[in-house]
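All residue numbers refer to positions in the sequence shown, counting from 1.
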Amino acid sequence: MVVTGLGAVSCFGSGTGALWEGLLGASRRPDPAPDVCGLPARPHLYAVPDGDAPARGTGRTGALLATAVAEAVAEAGLSAGDLLDAGLTVGTSLGDIDLSEPGVGAGAAAGTGPGTGPGPFGDAVGVPPATHRVAASLATRFGIGGPGQTLSTACSAGAYAVGWGAELIETGQADVVVACGGDAFSRVAVGTLQRFGLLDGECCRPFDTGRAGMVTGEGAAALVLESAESARRRGRPVHAVLAGHGWSCDAHHPMAPEPSGEQLRRSAARALAGIDGTPGAAVLHRAGVAVNDTVEAAAISAAVEAVGGSGGDVLGYAPKAVMGHTAGAAGVFGCVIAALVLRHGLVPPNAHVTDLDPDCPLTVPLDRPAPLARPSVLVSGTGFGGNNAVLTWRAAA
């Protein structure tokens, strides 16, 4: 499978160009979030700059996804006929949750509150919006008529969406798949994370010994996957090649990863089987939660060592330091970033590192971008419930 289109909308603005420039800057810090459930400590948020208002019946997540998908579809040069047979996979944790939360985004503008938002397809009252209505809205808006799926495996949903899109192509169910992920700010989600003690009150510091938790973000990312034959037939340039992907589940704890990281290591091993040797870089899920970060780095390093490499030969990168944890969008953002790393031959510097974590077996670029020594990138996604998804990408020949 190859990638012929990329799209993104993040705290840096709309477009993959803005995303790349923001990552290279490695300096963005979060802003105070809106009042969250009356919590005394005000958390922070990497917010997307306000753009066009969502269409009627669509929430903020749906609007962000539509922006990202539009960019990816345009870059891939997909016609209405191409989209009619294309597949659609969407990763999201909460969908258009703002339609059910009072005082947030489109829900506030429409005067809706809990239990008063539109139903799954906007045709009923009294039913909270379901996550799958976002996919239905995207399919309708862009005329995507092939097989579709919404995946809500918590924070790994986006990585799963890309992997499932690849399986649609592998099994011959589609030649082209739009794989995307998105989530917007949610008072309930942020309030819950705050009460669990998972939020850093200052900034996200994934590689620093002083890390104290994650910082939430919002945004959406999309890519167009298609068979290499389809891309050749359409005469489209290729941004990256999906070399391998693997899924697994710890089934250990609702929130904490299984300490050995064995299932994540198995997913990484399966993904690494698609490339020749050690990846040049790894775009990590690493979000600033100490136990999760440690388990992830150790598992990936072990998988690399199993194929004859060394964790120290891999450049580790954690984009959540400057764009926050975007939940269901995170895995797709990771894949888009991997394609940009391959395009530019650079790994952005990691932000907010004062005292580098000595337990990380990977090499951590600081201060300036680092050259990509080998044209392959691993992307890791993990989520509550122990849901793991790992993908590997290589440069087009």
Side-chain angles (χ1 to χ4, degrees), residues 5 7-11 13-15 45 47-74 83 86-114 116-125 127-145 148-152 155 157-158 160-162 165 177-189 216-224 326-333 336:
V9 55
S10 67
C11 62
S14 182
L45 168 72
V48 172
D50 288 337
D52 296 336
R56 180 175 176 80
T58 301
R60 185 168 176 81
T61 296
L64 295 174
L65 277 164
T67 299
V69 169
E71 182 184 10
V73 165
L83 289 170
L88 173 67
T89 59
V90 182
T92 183
S93 289
L94 297 170
D96 279 332
I97 188 64
D98 58 325
L99 296 180
S100 291
E101 291 187 356
V104 180
T112 60
T116 63
F121 297 99
D123 56 359
V125 175
V127 181
T131 54
H132 66 261
R133 79 181 294 274
V134 177
S137 175
L138 287 172
T140 300
R141 178 167 183 161
F142 291 95
I144 302 173
Q149 179 73 44
T150 299
L151 299 104
S152 293
C155 301
Y160 270 84
V162 177
V177 174
V178 178
C180 58
D183 267 307
F185 173 70
S186 162
R187 291 182 189 276
V188 172
T216 59
E218 60 177 3
L223 50 83
V224 173
T326 53
V332 190
F333 268 120
V336 170

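Contact detail for Ala329 and Ala220: the closest heavy-atom pair is CB-CA, 4.2 Å. The shortest non-hydrogen separation linking Pro49 to Gly13 is CD-N, 4.1 Å. When all heavy atoms are compared, the tightest approach of Gly7 to Val336 is O-CG2, 4.1 Å. Summarising the geometry of Thr67 relative to Ser14, their closest heavy-atom pair is CG2-OG, 3.5 Å, with the distance given to 0.1 Å. Smallest separation of non-hydrogen atoms from Ala157 and Ser152: CB-CA, 4.2 Å.
Contacts of Tyr160 classified as ring pair (Phe, Tyr, Trp, His ring centres under 6.0 Å), with partners at least two apart in sequence or in another chain: Trp247. Every side-chain contact (heavy atoms from CB on, under 4.5 Å) that Ser10 has, sequence neighbours left out, goes to Phe12, Leu19, Met323, Phe333. In terms of the side-chain contact (heavy atoms from CB on, under 4.5 Å) criterion, residue partners of Ala184 (sequence neighbours excluded) are, by chain and number, Arg60, Thr61, Leu64, Glu218. Checked against side-chain contact (heavy atoms from CB on, under 4.5 Å), Ser93 has the following partners two or more places apart in sequence or in another chain: Asp183, Ala327. For Glu71, the side chain to side chain donor-acceptor pair (under 3.5 Å) partners at least two apart in sequence or on another chain are Thr16.
Under the 4.5 Å side-chain criterion, counting only non-hydrogen atoms from C-beta, Glu101 is not in contact with Leu94. Put simply, the side chain of Cys180 reaches to within 4.5 Å of the side chain of Leu88, judged on heavy atoms. At a threshold of 4.5 Å between non-hydrogen side-chain atoms, the residues Phe142 and Val178 do not count as touching. Residues Thr150 and Val134 have side chains not in contact (no heavy-atom distance under 4.5 Å, counting atoms from C-beta outward).
The CZ atom of Arg141 sits 10.5 Å away from the CG atom of Leu65 when rounded to the nearest 0.5 Å. Taking CG from Asp96 and OG from Ser137, the interatomic distance works out to 7.5 Å, rounded to the nearest 0.5 Å.
Between the side chain of Thr92 and the main chain of Gly182, a donor-acceptor pair closer than 3.5 Å is present.
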